[in-house]
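Both backbone and side-chain heavy atoms feed into the values below; hydrogens, waters and symmetry mates do not. Numbering of residues begins at 1 and proceeds along the displayed sequence.
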Amino acid sequence: MSLLPIELAGPKVAAELETSLLSDLQQSLPQSRNEAITLSVISSDGSLVAGLAGSTSYGWLLIKVLWVTPELRRQGYGRALVTNAFVRARSIGCHSSWLDTSNEPAQHFYASLGFKVFGILQNQGADIPKCHKRWFLSRSI
């Protein structure tokens with residue numbers, strides 16, 4: 001048997017892959033609801049100024065992206081987005097949340113919300129970028 005060609009693909013294929021994998025997993029392992037959770041803050045002029053994108057699986061909320069425009073940081077938007085995501089995730093059966101970040105101030109922000117580090121990936125020696133770290137954090141909700 002020869003292998004079919006492998007090609008680069010875009011977001012539509014990524015979404016189809018995730019849907020297919022979750023469908024396969026549901027056949028073999030019970031889980032809570034798998035849902036996307038996307039929250040946004042829109043300014044009066046209609047522009048996006050903050051938001052959170054996540055997904056749920058096996059009772060866990062994965063926070064994939066949390067972003068607040070620099071002008072609005074340290075005003076409670078990030079905390080409010082995470083809190084709202086927790087409320088939604090709990091309503092569909094989630095018990096915990098996890099995320100990863102390579103931004104040290106963000107890691108401290110998540111710690112202030114009760115997240116605890118459960119793992120770290122760190123570049124070594126001549127790896128580029130030097131001293132890069134990625135923290136993996138979790139907490140119950």
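Side-chain atoms of K130 come within 3.5 Å of backbone N or O of G125 as a donor-acceptor pair. Remark: the backbone N or O of L113 is paired with a side-chain donor or acceptor of R139 at under 3.5 angstrom. In terms of modelled atom types and a separation under 3.5 Å, the side chain of S23 and the main chain of T19 share no donor-acceptor contact.
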Passes side chain to side chain contact (heavy atoms under 4.5 Å, CB included), I42 versus L48? Steps please.
CA-CA 5 Å; I42 306 298; L48 177 69; 3.9 Å; yes

Please step through side chain to side chain contact (heavy atoms under 4.5 Å, CB included) for the pair N123 and I128, ending with a clear verdict.
CA-CA 7 Å; N123 286 354; I128 296 176; 5.8 Å; no

K133 vs S102, side chain to side chain contact (heavy atoms under 4.5 Å, CB included): CA-CA, chis, key distance, verdict:
CA-CA 6 Å; K133 267 188 189 176; S102 58; over 6 Å; no

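The minimum heavy-atom distance linking S97 with I141 is given by the pair CB-CG2, 4.0 Å. The minimum heavy-atom distance between S43 and V49, with the atom names listed, is CB-CG1, 3.8 Å. Across G78 and V68, no two heavy atoms sit closer than the pair N-CG2, 3.8 Å. In plain terms, the two heavy atoms of L81 and L39 that are nearest each other are O-CD1, 3.5 Å. The shortest non-hydrogen separation linking Y110 to L137 is CB-CD2, 4.3 Å. Heavy atoms only, all atoms of each residue included: Y77 and L72 are closest at CD1-O, 3.6 Å.
For the atom pair OG1 (T56) and CZ (R90), the distance works out to 14.0 Å, reported to the nearest 0.5 Å. One distance of note links CZ of F136 with OG1 of T101; it measures 10.0 Å at 0.5 Å rounding. Interatomic distance, CD1 of I120 versus CD of Q122, reported as 7.0 Å (0.5 Å rounding). Put simply, CZ on F86 and OG on S96 are 9.5 Å apart, with the number rounded to the nearest 0.5 Å. Note that the CG atom of D100 and the OG atom of S138 stand 12.0 Å from one another [nearest 0.5 Å]. Put simply, CD1 on I37 and CG on L62 are 10.0 Å apart, with the number rounded to the nearest 0.5 Å.
Note: the hydrophobic cluster containing W98 does not contain F115 (ILVMFWY, side chain heavy atoms under 4.5 Å, direct or indirect links). The cluster map of Ile, Leu, Val, Met, Phe, Trp and Tyr, joined by side-chain heavy atoms under 4.5 Å apart, puts V87 and V41 in different clusters. Clustering ILVMFWY residues whenever any of their side-chain heavy atoms sit less than 4.5 angstrom apart, transitively, puts I92 in a cluster other than the one holding L61. Transitive grouping of hydrophobic side chains (ILVMFWY, heavy atoms separated by less than 4.5 Å) brings F109 and V117 into a common cluster.
Using cut-offs of 30° and 60° on the angle between ring planes, the pair W60 and H95 is perpendicular.
Other residues, nucleotides and ligands contribute only 12 or fewer heavy atoms inside 6.0 Å of the CD atom of E16.
Ion pairing between E35 and R88 holds under the 4.0 Å rule for side-chain N and carboxylate O.
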